[in-house]
Each structure stands twice: as structure tokens, then as C-alpha cells.
There are 2 protein chains.
Amino acid sequence: MIDSADDPNTDNPGHGDVLPPTNQHVKQYAAVRNAHETELIEDYVELIGDLLKHQGEARSTDIATRMGVSQATVAKMMCRLKSLDLVASKPYRSLFLTQAGEAMAEESSKRHAIVLQFLRALGVSDQTARIDAEGMEHHVSQETLDIMQRFACQLTPGHQREG
Amino acid sequence: MIDSADDPNTDNPGHGDVLPPTNQHVKQYAAVRNAHETELIEDYVELIGDLLKHQGEARSTDIATRMGVSQATVAKMMCRLKSLDLVASKPYRSLFLTQAGEAMAEESSKRHAIVLQFLRALGVSDQTARIDAEGMEHHVSQETLDIMQRFACQLTPGHQREG
DNA sequence: CAAACATTTCAGCCTTGGCTAACTTTAAGG
DNA sequence: CCTTAAAGTTAGCCAAGGCTGAAATGTTTG
Ligand SMILES: [Mn+2]
Ligand SMILES: [Mn+2]
Ligand SMILES: [Mn+2]
Ligand SMILES: [Mn+2]
């Protein structure tokens, strides 16, 4: 155990300089693993919400097409989402969100929009911003999200709509 | 198939408004899946690099401790990293990076540092910035990274001035 | 030097999230 | 209606990334 025990937190630039204290480091990785557990679920639920909203219906074919995965993969995931009480459906019929599912869709969608708008406000191209936002959204804390929102609002004289 | 047909790319805010065109949407999810394939590898390799740099040695115990994961998990991952020719070691001895591993560690570390500095420059607290950066780093394109770096450079020298 | 302790490895086990292939059900067209 | 195409389901495969528990190896110390 050559493990520091000093407190390298006071003024250093952080990453290229010294290792963060072990317990902090552990928290970082744990947070990422944690996010990984929910992010696919959020993406599926968000997509179902979007399909319902914009096409009136969420069929698993459309989900498979948009996600770029097989229908079997979607079916399995829907099974999981049902068991989590986020999605409901009758066999061979289209999909609906439960109350909890709708709440998750709403929240995910808002967060996604903020991250996307932030990136665009930063000057990132639309195409890239969309790709980056799809991944980043799941790793942005509330604190950071608030800052992003303020930032995007300032630099975007366009529209805004948050509840 | 009520799909596509329209081209919602011209001026709309994007997410809360209409669905992105299918092929764009597919690309987003594909990019995320892609990132997921490499991100754990990058984190392990980066950590090994950091341990080598700051403690002279990378033992799998230390990796397990810092990652917050069992030694068996580390062992399996090291096996994989060896098969990818990123890590080398003799049985029961400590770990080293191959040339390719070092390159990956270097690059990952740089990118991680930029994202972290960017978040701090935005005004995110150190603790939160570290956590968010650990996840975000893997979903930041080169284009976005460049912008982040410029942004952080501009705002960093003066430290933060919050209101 | 041998015992005790720490570290590494190995052999299972589990869940997630992909896939294909075969089957069933539904929806559409003639 | 009946046929057929599309959509949904199911079974079984795989790799990744966690875990435990036990065996093997290194290291320290009495
Ligand atoms: Mn999303
Ligand atoms: Mn996403
Ligand atoms: Mn990193
Ligand atoms: Mn990371």
C-alpha cells in the first residue's frame, strides 16, 4: 500500500498531476457503472415516449428500426421494461407507457434536450451534437445540467420550454 | 410506416419537437453502443498508466481497490487486455502497458483531463466534475473536445468567479 | 526456514444486451 | 374468405462484466 494518504485536492489541476484520493476515485467509477445500468432503459423509454408523442403509436418494429437492433432484442427489452412497470402492452399490440414510464420519458427527454441545446450553444455542429448528447446525457449530474441549461439559455435567443 | 418523409433538419430545436430522421437516430444509438465497447477498456488502461506514472507500479490489487471491483474481475479484464495486446505481465507479477496500451492511456488521459477542466471552467464543483467527467469523456467527439479545450483554456487562468 | 498473510489465478455463476432462426398472430389485398 | 406479407413472440446462442470461493503463488516475519 503505497497509497498516498496525502490530500491532493487543494489546488492541483487534477488529472495529469496526481491520482485522486482512492475513495473519490472509487466513487467516480461507481457512478459510471450506476449510470450504465439505467441508460439503455432510459433510451428505450424515451424513444417510446417520442414515438407516442410524434406518431401516436409505439410499435416494436419502429423501435427496432430506430435503435438499429433486431426485433428480438426489442422484445426482450420490452419484457424487462414491463417487469419494471415502465411499459404496458397486450400481446401483438402496440406499446404504452405506465405512469412511471411516462415520468421517466419526460425527465429523460428534458435532460436530453438540455444537453443537446448546450452542445449546440457551444458551437458543436448539429450532427455531432446529437451523437454526443445521446451518450453524454446519462452522465450529467443535476448540478452540471443546471449549469448547462443556464449556459444554453443565455446563448440561445431562440426558444425554450421547460416546466 | 408513418415514418420519415419530412425533413426536420432545417431549423428545429430538435428533441422536444420532432423525431430526428431515422438514419440519424440510428447513428446516435450506434455511436453510443460503440463507445460502450471501449470505455471500460479505456478506463482500465488509463488507470494502469496513472498507477505506473504516480506509484511506479501497477498491481491488480490497487486496480481492484480504485475501481471498486473484485480482484477476480480485474484478473479477467487483464486477460482481455492482454489478448488485445494492450497490457503485458508475467504471472503473479505486476502489470505493464504495451506500446499500444501506452498510446491509449496517453490519449484517454488527455481527453479525460480536457473534459474535467472544461467542467470546472463551466463552474461545476470539483467533486461533481470528476464524477461527470469519468462518464462523459467516452462520449465526447473530437469536434466537441476541441471546443471544450478552447473554452477551458480561455476561462481557466482567472480561476472561477461565481456570482 | 516455516508460518501467516497478501496477492494472483481459476472455476464456476449471474445478468445484460446483442444476435438468428423458427413459429404465431395480425392486417391487407384480391 | 383466403392468402400472404408484416409484425410480434419464443428459444437458444454468444460476449461482456460483475460476483464468490478455493487453490496457487509471493512476501514478510518470528
Ligand atoms: Mn436520450
Ligand atoms: Mn441516450
Ligand atoms: Mn478516464
Ligand atoms: Mn471514464
Side-chain angles (χ1 to χ4, degrees), chain A residues 1-3 26 28-48 51 55-84 86-96 134-135 138, chain B residues 1-3 22 26 28-48 51 55 57-84 86-96 134-135 138:
Chain A
M1 280 298 136
I2 328 164
D3 205 341
V26 169
Q28 294 175 207
Y29 295 124
V32 172
R33 282 195 300 270
N34 210 333
H36 282 166
E37 276 177 29
T38 48
E39 65 180 288
L40 239 204
I41 291 174
E42 289 170 352
D43 279 342
Y44 273 97
V45 168
E46 186 190 342
L47 177 55
I48 292 172
L51 288 171
Q55 314 203 327
E57 215 189 12
R59 309 295 309 212
S60 59
T61 309
D62 298 329
I63 298 174
T65 302
R66 293 218 166 238
M67 280 279 182
V69 300
S70 74
Q71 290 200 359
T73 296
V74 173
K76 217 194 254 184
M77 181 58 73
M78 291 312 110
C79 203
R80 207 177 146 212
L81 296 186
K82 279 179 209 170
S83 84
L84 292 172
L86 293 164
V87 160
S89 81
K90 286 188 288 187
Y92 295 98
R93 305 267 82 125
S94 70
L95 302 156
F96 297 94
E134 191 63 76
H138 311 280
Chain B
M1 278 300 123
I2 329 162
D3 212 339
T22 299
V26 169
Q28 294 175 207
Y29 296 124
V32 172
R33 283 195 299 271
N34 208 340
H36 282 166
E37 276 178 29
T38 48
E39 64 180 289
L40 240 203
I41 291 174
E42 288 169 353
D43 279 342
Y44 273 97
V45 167
E46 186 189 342
L47 177 54
I48 292 171
L51 288 170
Q55 314 199 190
E57 213 188 12
R59 310 295 309 214
S60 59
T61 309
D62 298 329
I63 297 174
T65 301
R66 291 215 165 241
M67 279 279 180
V69 119
S70 76
Q71 293 201 356
T73 295
V74 173
K76 216 195 252 184
M77 181 58 74
M78 291 312 110
C79 203
R80 208 178 145 212
L81 296 185
K82 278 179 209 172
S83 85
L84 292 172
L86 292 164
V87 159
S89 79
K90 285 187 288 186
Y92 295 95
R93 303 260 101 107
S94 70
L95 302 155
F96 298 94
E134 191 63 75
H138 310 281

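The analysis underlying the following values was restricted to heavy atoms, covering all of them including side chains, and did not include hydrogens, waters or symmetry mates. Order of the sequence lines sets the chain letters (A, B, ...), proteins ahead of strands, with each chain counted from 1.
For A:T61 and D:dA6, the shortest distance from a side-chain N or O to OP1 or OP2 is not below 4.0 Å. At C:dT7, none of the side-chain N or O atoms of B:S60 fall inside 4.0 Å of OP1 or OP2 (strictly under the cut-off). The side chain of B:R59 places an N or O atom within less than 4.0 Å of a non-bridging phosphate oxygen (OP1 or OP2) of C:dT8.
Judged as a salt bridge (Lys or Arg N to Asp or Glu O under 4.0 Å), and not counting sequence neighbours, the contacts of B:E42 are B:R111. Legend: residues meeting side-chain hydrogen bond (donor to acceptor under 3.5 Å, both in side chains) with A:S60, ordered by chain and number and at least two apart, are absent. In this view, A:K82 and A:S89 satisfy the side-chain hydrogen bond (donor to acceptor under 3.5 Å, both in side chains) rule, not counting sequence neighbours. With sequence neighbours excluded, the residues that form a side-chain hydrogen bond (donor to acceptor under 3.5 Å, both in side chains) with B:S70 are B:T73.
A straight line from CD1 of B:I63 to P of C:dA6 spans 20 Å, rounded to a whole angstrom. At whole-Å resolution of the value, CG in A:D62 and C1' in D:dA6 are 12 Å apart. Rounded to whole angstrom, the span from the CG atom of B:L95 across to the C1' atom of C:dT7 amounts to 12 Å. Rounding to whole angstrom units, OH of residue A:Y92 and C1' of C:dT25 are separated by 5 Å. Remark: P of C:dT7 and CD of B:E57 are 11 Å apart, rounded to the nearest angstrom. B:D43 has its CG atom 15 Å from the C1' atom of D:dG18, to the nearest Å.
Considering CG of B:L86 and CE of B:M78, their distance stands at 10.0 Å, rounded to 0.5 Å. For the atom pair CD of B:Q71 and OG1 of B:T61, the computed distance is 4.0 Å after rounding to the nearest 0.5 Å. Here the CD-CG distance, from A:E46 to A:L51, works out to 10.5 Å after rounding to the nearest 0.5 Å. Interatomic distance, CD of B:E134 versus CD of B:E39, reported as 9.0 Å (0.5 Å rounding). Rounded to the nearest 0.5 angstrom, B:R66 CZ and A:Y29 OH are separated by 8.0 Å.
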Distances under 3.5 Å between nitrogen or oxygen atoms of protein and nucleotides 15-22 of chain C:
residue: C:dG17; atom: OP2; partner: A:R80; partner atom: NH1; Å: 2.0
residue: C:dG18; atom: O6; partner: A:K76; partner atom: NZ; Å: 2.4
residue: C:dC19; atom: OP2; partner: A:S70; partner atom: N; Å: 2.8
residue: C:dC19; atom: OP2; partner: A:S70; partner atom: OG; Å: 3.1
residue: C:dC19; atom: OP2; partner: A:T73; partner atom: OG1; Å: 2.6

Look for any protein N or O under 3.5 Å of an N or O in nucleotides 1-5 of chain C and output each such pair with its distance, or none.
none

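Ranking D:dT27, C:dA27, D:dG8 by closeness to the A:R93 side chain, first place goes to C:dA27.
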